[in-house]
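Proteins come first, then strands; the chains are lettered A, B, ... in the order of their sequence lines, and each starts at number 1.
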Amino acid sequence: MSYDFQAVETKWQKIWEERRCFEVEADPAKLKFYCLEMFPYPSGALHMGHVRNYSMGDMLTRFLRKKGLNVLYPMGFDAFGMPAENAAIKYKTKPHEWTWQNIEYMTTQLKRMGYSYDWRRRVESCNPNYYRWNQWLFLQMYKKGLVYRKYAPVNWCEPCGTVLANEQVVNGTCWRCNTPVVKKNLEQWFIKITDCAQELLDNIDSQLTGWPERVRIMQRNWIGRSEGARLSFEVDALGCTIEAFTTRFDTVYGITFIALAPEHELVKHMLEKLPSNQAQEMKDFVAKCAAQSAIERSAVGGEKQGFKTPFTGAHPVTGKPIPIWLANYILMDYGTGAIMGVPAHDQRDFEFCRKYGIEVIPVIQPAEAKNPLDGATMEAAFEDDGISCNSGQFDGLPTQEAIRKMIDWGESQGLCKREVNFRLRDWLISRQRYWGTPIPFVHCPRCGIVPVSEDQLPVLLPEDVTVTDVGRSPLLDMPEWLETPCPVCGGKAQREAETMDTFFCSSWYFERYCSPDAAASPFDPKDTNYWMPVDQYIGGIEHACLHLIYARFFTMFLSDIGLLPKGMREPFTNLLTQGMVIKDGAKMSKSLGNTVEPTEIVEKYGADTVRLFILFASPPQNDLDWSEQGVEGAHRFLSRVWRFVEENLEDLKKHAGEYVPMSSLTIPAQRDFKRKIHSTIFAVTRDIDEEKQFNTAIARLMELTNALYSFRPSEPADFKLRREGVDVLLNCLSPFSPHIAEELWGMLGNETLLSIVPWPVPEQEALAADFVIIVAQVNGKVRAKLTLPSGLNEAELRDAVMNDAQVKEKIAGKEIVKVIAVPEKLVNVVVKG
RNA sequence: GCGAGGGUGGCGGAAUCGGUAGACGCGUCAGACUUAGAAUCUGGUACUUCCAAGUGUAGGGGUUCAAAUCCCCUCCCUCGCACCA
């Protein structure tokens, strides 16, 4: 009987399902482990990136289950989003139908891979029983004051026909379609994630120690905390003040201009005060800036453009009038949208001033300067620390001290106020799309924008729609859905037709997995108290500043409103970010046409082979080069395992359970083989559990297989040992390639499923070596290798090596300076002459 | 520019504490089996070299009995951030 992987795999998948092997329940008597993978978008079919992600999770899950943990391992679908709308147009179907078809198909694909999910817990975010809780949670946030509407310049992607959150703008382009985003002034829904900015930052250090350093740094930068002060300039002509934030209050004496973002609200007031020709010029400038793309506006070294207004503001300390400019490099959405311009100590301000001939006044001198800085001749801003000058009573202070003392003084004089600013912005949550969670609000001409009452949830998304034109939500053309009585006054009102960012759905799906059927709340705290937090999360690095920030915010919110325990502030204890799957030097992607379809490769080699290859070819974090030859290698290995068991089946069956302890083995070959078996257990366990280095774990199984083939049994103990070796091999192989392991295990006459057989524990005595190879070095160069009994002390080692013929020859006639002996490892003889 | 992580055979990658560099696999070469092929098996495979020996972990320097590993300098690659005041 040859290795018929198709038959074997379908057989065991059916048995596991029938026997409900992977269904779990919360059980406080058992130690839990929650293994989570980023759930896929149901795009139509699994890709190799999914296969890699889920093969890691399943291997880990199967391993931990065998180690006796109660493991929650669920799967679901992140089912709302744009592609469904595009597909609906292309294939003349409905987003709802297309999505559900894909969900069902991809579920069969996942099952075909043999992943051990508890399928009863499948969650689909487009299912009303899920998204109703999106709406409910949104209302809870609203009640907490975390939801607000704001008219603001927002990121707009034209092809997607919708706004984007800051996190979804990558290098000035849309994260999904790479089109440069433009700014549009719109009134939009926001969630105040900035309320948690400090905690999101603090917890990175205190709680996210199980995350890759890379992701922690990315989040730290994204949140971007800076400490400084806010100061204001009186603008008499307008009867108001301009506020600005600075981290360098020590440079106030160097202010030579004030600059506002072209979108600054004061611009309106200025226009009103200006004669029409001047006003027109200013409007033109503002329009020009608005037309610049985000990339042009925000590129370092990009051309700085300004417009000098006829207004001035009073210097907060000296009272001198300072000219007010509009400048394209001032960002409206950071700080106050206005800055104090200090060209001598800020490179951007410097470039601006040189271009427009504004004065440059140094107020800091480098500590060991030969020639002091001169505002007229300096060629670049001096941004380092130095010694204050031209700063009145603060002259002579080093920068850090100057910052502290000047802010202290400024605060005491009422000139400034300490302030912390974050780069993180509030989360723009609304989307002008159809296929998403309807935002549960109603626009009433009398009562304004009012929430739908909770007992009216869910606000169902109509499923029977025709999407005709990307860019206009069909909801807008459905009066029967749109028109609704106002929840407050009962009068005629209209539903909010915008939907939620799909990242809202993915911010709490892992809690829903804990109680997928909860009907009275998003999840049952009884379940989440047991299962949460997630012990191991696995997914792509691309979510470092998207999903992984939103989900953290949600957890803090859920904890605040008491759905999660007070102390549970972080959802993911350990994070593994897997590398990409590469083929022909580039990431596998449809657009490059270099994809390999999992289904095809599974048909050709089997799921066990694909899983094994994908875990063996590269360490988890690295990119993985797809190689069909590598897949064949993995297949060859599994066939070798199969053949070994099959060819020796009758004999192996005779020795079930007859393990011989190390203590009763005397023949060196037996002792070596026994040691190989147990050191394999030891190393594989450590590689998976501690090192998360699955490729080397597999290498060790290959070594054990090679050892099984070269071990030639002759006497009874040999045969017993061989059976033990096979048992260990199959047991350790089963998390990686579970079907073949299960089949061979059954062929050996076992009744119990290997999937639930405990993971082997190495026999301590079988790990210790009888003999070790001692390297004999002369002056650090290897001259001989001696096989010596294990456990020799330094003196014994030294004697053994010094008496070795080869060593003797090498050191003959030379003066011995020193001999270093490292037990169990080496002896180095240092000689002179 | 700033920040992080890297650079080891033809390739993917091994190498717990500083202690045999190249585990395991791919590829490749030679042989066995075969009418032939496929499959399988055996052996070789860092470089120079007949051997002996020497040289080798991006390059240069240092610490050490001993360095892929620690320190300094240089080069290169990948990733992230990038007018954040």
Side-chain angles (χ1 to χ4, degrees), chain A residues 2 170-172 212-222 224-226 228 244-248 251 259 261 296-304 327-331 333-342 345-349 351-352 421-425 541-542 544-545 579 582 612-613 616-619 621-634 636-637 639-640 643 683 686-687 690-691 693 695-703 705-706 709-710 773-785 817-822 824-831:
Chain A
S2 71
V170 181
N171 292 326
E213 188 56 22
R214 234 177 117 192
V215 178
R216 307 203 309 155
I217 289 165
M218 282 164 76
Q219 291 213 350
R220 229 177 265 132
N221 292 341
W222 187 259
R225 180 184 203 269
S226 44
F245 171 75
T246 180
T247 53
R248 294 296 303 271
T251 64
E296 282 175 278
R297 272 291 288 276
S298 66
V300 173
E303 168 101 54
K304 301 204 169 21
N328 68 338
Y329 72 97
I330 310 304
L331 306 173
D333 49 5
Y334 183 76
T336 62
I339 58 136
M340 60 178 220
V342 184
H345 304 292
D346 181 290
Q347 185 58 26
R348 298 155 301 178
D349 295 348
E351 288 166 24
F352 187 75
N421 253 284
F422 292 94
R423 220 191 74 122
L424 184 77
R425 312 291 152 74
I541 185 111
E542 66 273 14
C545 292
I582 303 286
L612 192 77
F613 165 72
F616 178 61
S618 182
Q621 301 84 345
N622 287 21
D623 286 348
L624 177 146
D625 244 312
W626 182 265
S627 140
E628 186 138 349
Q629 283 174 330
V631 177
E632 279 170 12
R636 207 152 31 226
F637 166 68
S639 304
R640 248 163 85 76
R643 236 180 302 119
R686 191 197 50 210
D687 285 351
E690 294 166 38
E691 311 285 331
Q693 203 163 272
N695 53 332
T696 51
I698 294 169
R700 300 189 203 279
L701 296 177
M702 291 172 168
E703 282 184 61
T705 306
N706 293 343
Y709 268 100
S710 34
I773 293 170
I774 298 295
V775 174
Q777 296 181 332
V778 177
N779 286 347
K781 288 204 193 324
V782 180
R783 292 304 177 188
K785 291 174 188 178
V817 181
K818 198 187 216 183
V819 179
I820 287 121
V822 182
E824 311 289 296
K825 289 235 158 82
L826 59 68
V827 174
N828 188 9
V829 185
V830 185
V831 295

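- Rounding to the nearest 0.5 Å places CG of A:Leu612 at 5.5 Å from CE of A:Met702.
- With hydrogens and angles ignored, a donor-acceptor pair closer than 3.5 Å exists between the side chain of A:Arg686 and the base of B:rU16.
- The residue A:Arg214 sits close only to the backbone: its heavy atoms come under 4.0 Å of sugar-phosphate atoms, none of a base.
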Please write out the pairs of protein N or O atoms and N or O atoms of nucleotides 7-12 of chain B separated by less than 3.5 Å, giving the distance to one decimal.
{"from": "B:rG12", "atom 1": "O2'", "to": "A:Ala617", "atom 2": "O", "distance (Å)": "2.4"}

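- Look at A:Arg220 and you won't find any side-chain N or O under 4.0 angstrom from OP1 or OP2 of B:rG80.
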task: For RNA chain B, just give me the dot-bracket, please: Watson-Crick or G-U, both distances below 3.5 Å, ( ) intra-strand, [ ] crossing earlier pairs, | paired with another strand, . unpaired.
output: (((((((..(((......[....)))((((((.......))))))(((....)))..(((((..]....))))))))))))....

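- Going from the P atom of B:rC47 to that of B:rC11 covers 11 Å, rounded to whole Å.
- At a threshold of 4.0 angstrom between heavy atoms, the contacts of A:Ile330 include nucleobase atoms, whether or not backbone atoms are also involved.
- Judged purely by atom type and a 3.5 angstrom limit, A:Asp346 has no side-chain atom pairing as donor or acceptor with the backbone of A:Met340.
- Comparing B:rA23, B:rA85, B:rC65 against the side chain of A:Glu703 picks out B:rA23 as the nearest.
- Annotation: B:rG7 and B:rC26 have their P atoms spaced 24 Å apart (nearest Å).
- One P atom belongs to B:rG12, the other to B:rA67, and the distance between them is 27 Å to the nearest Å.
- Computed from coordinates, the A:Asn328 CG to B:rA85 C1' distance equals 14 Å when rounded to whole Å.
- Distance noted for atom P between B:rU16 and B:rA21: 14 Å (whole Å).
- Here the nucleotide nearest the side chain of A:Pro619, chosen from B:rA14, B:rC24, B:rC65, is B:rA14.
- Contact annotation: the side chain of A:Ile582 never approaches that of A:Leu624 to less than 4.5 Å [non-hydrogen atoms, C-beta and beyond].
- Nucleotide B:rG9 is shown with a syn base, its glycosidic torsion being within 90° of 0.
- At a cut-off of 3.5 Å, with distance as the only test, a side-chain donor of A:Asn706 or A:Arg640 sits close to an acceptor on the other residue.
- Across all strands shown, A:Gly633 has heavy atoms under 4.0 Å from sugar-phosphate atoms exclusively, and none from any base.
- Closest approach to the A:Lys781 side chain among B:rA85, B:rG54, B:rC65 is made by B:rG54 (side chain taken as heavy atoms from C-beta onward).
- Put simply, A:Gln693 has a side-chain N or O that comes within less than 4.0 Å of OP1 or OP2 on B:rA15.
- One P atom belongs to B:rA46, the other to B:rA36, and the distance between them is 32 Å to the nearest Å.
- A heavy-atom distance below 4.5 Å is not found between the side chains of A:Thr696 and A:Glu691.
- Between the A:Asn622 side chain and the A:Gly579 main chain, no donor and acceptor come within less than 3.5 Å of each other.
- Within 4.0 Å (heavy atoms only), A:Asn779 reaches no atom of the nucleic acid at all.
- Rounded to the nearest Å, the gap between the P atom of B:rG18 and that of B:rC71 is 11 Å.
- For B:rC75, the base is anti relative to its sugar; the glycosidic angle deviates from 0 by more than 90°.
- At the heavy-atom level, A:Ser226 lies under 4.0 Å from the strands shown only through sugar-phosphate atoms.
- Partners of A:Val775 under the side-chain contact (heavy atoms from CB on, under 4.5 Å) rule, at least two apart in sequence or in another chain, are A:Gln777, A:Val782, A:Leu826.
- When heavy atoms are screened at a 4.0 angstrom cut-off, A:Arg783 is found touching the sugar-phosphate backbone but no base atom.
- Looking at heavy-atom distances under 4.0 Å, A:Thr247 makes contact with sugar-phosphate atoms alone, never a base.
- By the salt bridge (Lys or Arg N to Asp or Glu O under 4.0 Å) test, A:Glu632 pairs with no residue at all, sequence neighbours left out.
- The side chain of A:Arg636 places no N or O atom within less than 4.0 Å of a non-bridging phosphate oxygen (OP1 or OP2) of B:rC24.
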Atom pairs, protein N/O to nucleotides 17-22 of chain B N/O, distance under 3.5 Å:
{"from": "B:rU20", "atom 1": "O2", "to": "A:Lys785", "atom 2": "NZ", "distance (Å)": "2.4"}

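- Counting only heavy atoms from C-beta outward, the side chains of A:Tyr329 and A:Asp349 approach each other to under 4.5 Å.
- Distance check on atom P: B:rU74 versus B:rG3 gives 14 Å, rounded to whole Å.
- Here the side chain of A:Lys304 is nearest to one of B:rC83, B:rA23, B:rA4, namely B:rC83.
- Under the ring pair (Phe, Tyr, Trp, His ring centres under 6.0 Å) criterion, A:Phe245 pairs with no residue, sequence neighbours left out.
- Here A:Arg423 reaches the OP1 or OP2 of B:rA82: one of its side-chain N or O atoms lies under 4.0 Å away.
- With C1' as the reference atom, B:rU35 and B:rU42 are 23 Å apart, rounded to whole Å.
- Note on A:Arg643: only backbone sugar-phosphate atoms sit closer than 4.0 angstrom, heavy atoms only; bases stay farther off.
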